[in-house]
Amino acid sequence: MSQKITNAGRTQSNAIECLNISEKKVGLFVTCLVNTMRPSIGFASITLLEQAGCTVEVPELQSCCGQPAFNSGDDEGTRQIAYQTIKQFENFDYVVLPSGSCAAMIKKNFIEVFKDQPQWLARAKHLASITHELLSFLVDVCHFQPNGIELDGSYTYHDSCSGYRALHVYEQPRKMLSKVKGLKHKPLNSHAECCGFGGTFCVKYSDISNAIVAEKVENVLATEADYLLGGDMGCLMNIAGKLNREGHKEIKALHTAEVLAGLAPQILGGKDAS
Amino acid sequence: MQANKPEDFYQNVSKALAQPDLKKIIRRTTDKAEAKRAEAIANFPEFDNARSQGQKVKDHTIKYMEHYLAEFEKNALAQGTIVHWASTGEEASKIVLDICRQHKAKKVTRSKSMLGEEIGLTHAFDNSEMERIETDLAEHIIQLAGDPPSHIVWPAMHRSREDVVKLFREFHADPTYSEEITDLVRSARRDLRTKFLTSDIGISGSNFLLADSGSSCTVTNEGNAELTITPPKVHIVTAGIEKLVPSMAHAVPLLRLLTRSATGAEITQYITFHNGPKRPNDADGPQECHIVLVDNGRTKMLAEGMEEMLRCIRCGACMNHCVVYKHIGGHAYGSVYPGPMGSVLTPHLNSLEVANKQTHACTMNGRCEDVCPVNIPLPKLLRSLRAQSWQKKYEPLLNRFVVQSFAAMAKRPRLFQLLSSCGVIVMKVFSRKGWIKTMPFTSGWTRNRDLIEPESTTFMHQYKKMKKTKNGGA
Ligand code: SF4
């Protein structure tokens, strides 16, 4: 395939035009946190995307979306990482990430660092146009609803900031979760207030982050839910880590995709999802 | 209370987090502000329209700043106002004090103005032979307490009612012995009334400067601006040049945004347009009017691509909704302007070298931008200041090293995958019952929370294995 066709010139609309709806070719960017800490979210994503009628491929040469460099102000470092990501993913019909903040990084922030490089800017813009956060992609693009999934108990939902504010992910996960038999929703007070993770922020300003997450934990506990669900591994690790440090084992943190793919029992039993 | 310095941000933060009640005290005000703003916006369906209108007015005026400044000056002069220009805060303060001295003023009344704080006017008066009297209730409280302001709309929000009771009993000539808010307000009114009438000079800020009339607009709830401005012989306005708008019609959408975003009110009790000195047929008013137009870093912001920040109408919504501000409070920032807008402004008013730590004290959650009535992309601006700090190497060496090493790995996916696998093996060694309590090089995380135990191997490792089995089985 010639480089020309695959690069900047291609727009989303003609990508959609030449697409047979039943065969959405999706490149899954698992994100570095899921890759190292919680592979089951990656497998849950594959399961759900396939159920939704997509063909899923996971490019092996993927790393990180570049947020640590970008948020530290290291534009050159961000570009170096972004070159890789663009090359790996620009030829898919869609690029999907099981994380609001990493998806927002590609959708909104890549273009910031390529302002002075028109060719890369065009490629970054194209990538932005085909990139989606997993849960909103399943509902908004694939019109997917889970079927036959059961989980007894109640959940509360933490809307991660990038997903909620930058990408408007709110209804979609709740809509899908409402189809899980046995699962009830308990609304979280201040559901869209930051949990204090903030990527590098939580280690740079560990004590401020701690004060923030402590408050989040209070709100989560007040719901008396069995599960804390969300769409971002970073926030979930932060809140779950604080819950555990404070000795609260009664509430389990899971990624929404894990629940929707029916992996919850297995994960809670301590097994790998693959 | 000694004012914190911006360069001591880390210490200021530790001090703030160690105050057990601070969080509660802040939330008492910010939570109410959040709720009232939300209600006001819900009852104002044109909000988004007004917002983009407000943004347009500001952007337009900023783009043609020179033109509107000239127009304002011409019209202000025509009204009989004396116009002064100050390029720095110090210069502005000096102009104000010189005017006061020319009039041999002994007492000056001042209505709340953050610009006054910015240019160091309060200190300048305190170091002079003149008596400074703050007439805004909250400013009055912090003046008695000797505190710097902790919020741009509620400068005394860090003080509890008990504090106020104590302060008033100590300082008011005829204090109240009740703890009821109305009685406390009356006590302050008794104390301030005589001072209003015996003041030699009144000093105010300005919320909007109208270019087509040369007038200045004040927005208050207590009427203290009017009482500060009208009785004394001389009135001095200090205003940042970004306060300009073309006309009253342009100020209106901004006013609608300002009051709702600040306090959730549709309108404040007092909105007054001041038009120069008393004219022959006027019933009252100052005999002499001055306006000091202050740059203090604003044109530099314009030149440095920070023009969006000049839209700010000082409503305080960004700090009311900031999760970091809510925990550390205004004093920690060490600046007149705290919270998100302060973290963007302070590096320009001070220097980035001194105030770059504040730009990093943000989780980039985007709530401030979401509520800003003039669409200032605060996270983007903070990020661009971080990029400047990075280029100028203001970042601590260790942070730079960590970020650069991470980027160096991440741009080599094979190496990144390999190191991720190694990371999992190491974490496994430190894991107990699904959690890591402590581990080398993770103290930033594990000091305050546990780290979840990773699965047996990385996703990529499991995925490749799975694919192999699938293909092998096929
Ligand atoms: S930045 Fe926006 S929200 Fe913050 S004070 Fe200024 S106008 Fe208000």
Side-chain angles (χ1 to χ4, degrees), chain A residues 30 32 34-40 42-43 58 60-64 66 68-75 77-78 80-81 83-84 88 112 161-162 165-166 193-194 196-213 215 237-238 240-242 244-245 270 272-274, chain B residues 13-14 17 23 323-324 327-328 360-367 369-370 380 383-391 395 399 403-404 406-414 416-417 420 423-424 427 434-435 443-445 447-452 454-460 462-466:
Chain A
V30 289
C32 52
V34 168
N35 184 43
T36 42
M37 307 304 291
R38 191 84 159 218
S40 59
F43 290 106
V58 189
E60 283 175 21
L61 293 181
Q62 55 175 278
S63 60
C64 162
F70 182 75
N71 286 337
S72 301
D74 178 6
D75 286 3
T78 312
Q80 297 291 337
I81 300 170
Y83 293 141
Q84 288 300 323
Q88 288 296 314
E112 286 282 312
C161 298
S162 313
R165 272 182 281 274
E193 206 168 270
C194 178
F197 174 63
T200 49
F201 171 84
C202 71
V203 286
K204 224 177 208 170
Y205 285 105
S206 184
D207 294 339
I208 304 180
S209 171
N210 178 45
I212 300 172
V213 72
E215 209 167 60
M237 267 171 69
N238 183 37
K242 185 68 183 171
N244 200 66
R245 175 63 57 94
D272 288 358
S274 63
Chain B
V13 165
S14 307
L17 290 175
K23 190 177 81 180
V323 76
V324 173
H327 282 91
I328 64 174
H360 289 270
C362 162
T363 67
M364 295 277 156
N365 65 72
R367 226 170 156 214
E369 177 177 3
D370 228 32
K380 189 189 97 183
R383 224 274 325 166
S384 79
L385 288 170
R386 291 180 187 181
Q388 277 182 40
S389 300
W390 183 271
Q391 269 170 2
E395 268 286 274
N399 290 0
V403 172
Q404 274 170 330
F406 183 83
M409 292 184 303
K411 72 177 188 193
R412 297 178 180 84
R414 269 179 232 285
F416 191 80
Q417 289 294 344
S420 301
V424 171
M427 282 189 273
W435 294 94
S443 68
W445 183 278
R447 179 160 78 231
N448 292 313
R449 65 221 114 177
D450 295 334
L451 186 62
I452 196 167
E455 287 179 27
S456 58
T457 53
T458 64
F459 171 87
M460 217 41 105
Q462 295 185 41
Y463 178 71
K464 281 189 209 163
K465 215 166 98 188
M466 194 182 78

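Letters A, B, ... mirror the listed sequences (proteins, then strands); counts begin at 1. All values derive from a computational prediction rather than experimental measurement.
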Indicate the atoms forming the closest heavy-atom contact of [X] with [Y], along with that distance.
| X | Y | value |
| --- | --- | --- |
| A:I208 | B:V13 | CG1-CG1, 3.6 Å |
| A:V34 | B:F459 | O-CB, 4.3 Å |
| B:Y463 | A:F43 | N-CZ, 3.7 Å |
| B:T363 | A:C194 | OG1-SG, 3.1 Å |
| B:W435 | A:A240 | CH2-O, 3.6 Å |

Interface moiety of [X] toward chain B, non-hydrogen atoms closer than 4.5 Å:
| X | result |
| --- | --- |
| A:K242 | both |
| A:Y83 | neither |
| A:T36 | both |
| A:Q88 | neither |
| A:R165 | side chain |
| A:V58 | both |

Between A:E60 and B:R414, is there a salt bridge with N-O shorter than 4.0 Å?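 No salt bridge links B:R414 with A:E60.
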Any Lys/Arg nitrogen of A:E193 or B:R367 sitting under 4.0 Å from an Asp/Glu carboxylate oxygen of the other?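 Yes.
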For a salt bridge (charged side-chain N to carboxylate O under 4.0 Å, His left out) check, start with the C-alpha distance between B:R383 and A:D75, then their side-chain angles and the critical distance, and finish with the verdict. CA-CA 10 Å; B:R383 224 274 325 166; A:D75 286 3; 2.7 Å; yes
I'd like to know if the side chain of B:D450 and the backbone of A:R245 have a donor-acceptor N/O pair within less than 3.5 Å.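 Yes, B:D450 side chain to A:R245 backbone: donor-acceptor pair under 3.5 Å.
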Do any N or O atoms from the side chain of A:N35 and from the backbone of B:M460 form a donor-acceptor pair under 3.5 angstrom?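 Confirmed, A:N35 side chain pairs with B:M460 backbone.
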Among [options], who wins on heavy-atom pairs under 4.5 Å with chain A?
| options | value |
| --- | --- |
| B:K380, B:K23, B:R386 | B:R386 |
| B:M409, B:Q388, B:M364, B:K411 | B:K411 |
| B:C362, B:S14, B:G423, B:S443 | B:C362 |

Proximal component of B:I452, with respect to chain A [non-hydrogen, under 4.5 Å]: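 B:I452 touches chain A through backbone and side-chain heavy atoms alike.
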Could you tell me whether the side chains of B:E455 and A:S40 share a donor-acceptor contact shorter than 3.5 Å?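 Yes, A:S40 and B:E455 have a side-chain donor paired with an acceptor closer than 3.5 Å.
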Qualifying residues under side chain to side chain contact (heavy atoms under 4.5 Å, CB included), relative to A:S206, sequence neighbours excluded: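 Only B:R447, B:N448, B:R449 meet the side chain to side chain contact (heavy atoms under 4.5 Å, CB included) criterion with A:S206.
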Can you name the side chain to side chain contact (heavy atoms under 4.5 Å, CB included) partners of A:S63, sequence neighbours left out?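 Partners of A:S63 by the side chain to side chain contact (heavy atoms under 4.5 Å, CB included) criterion, ordered by chain and then number, come out as A:I81, B:A410, B:F416.
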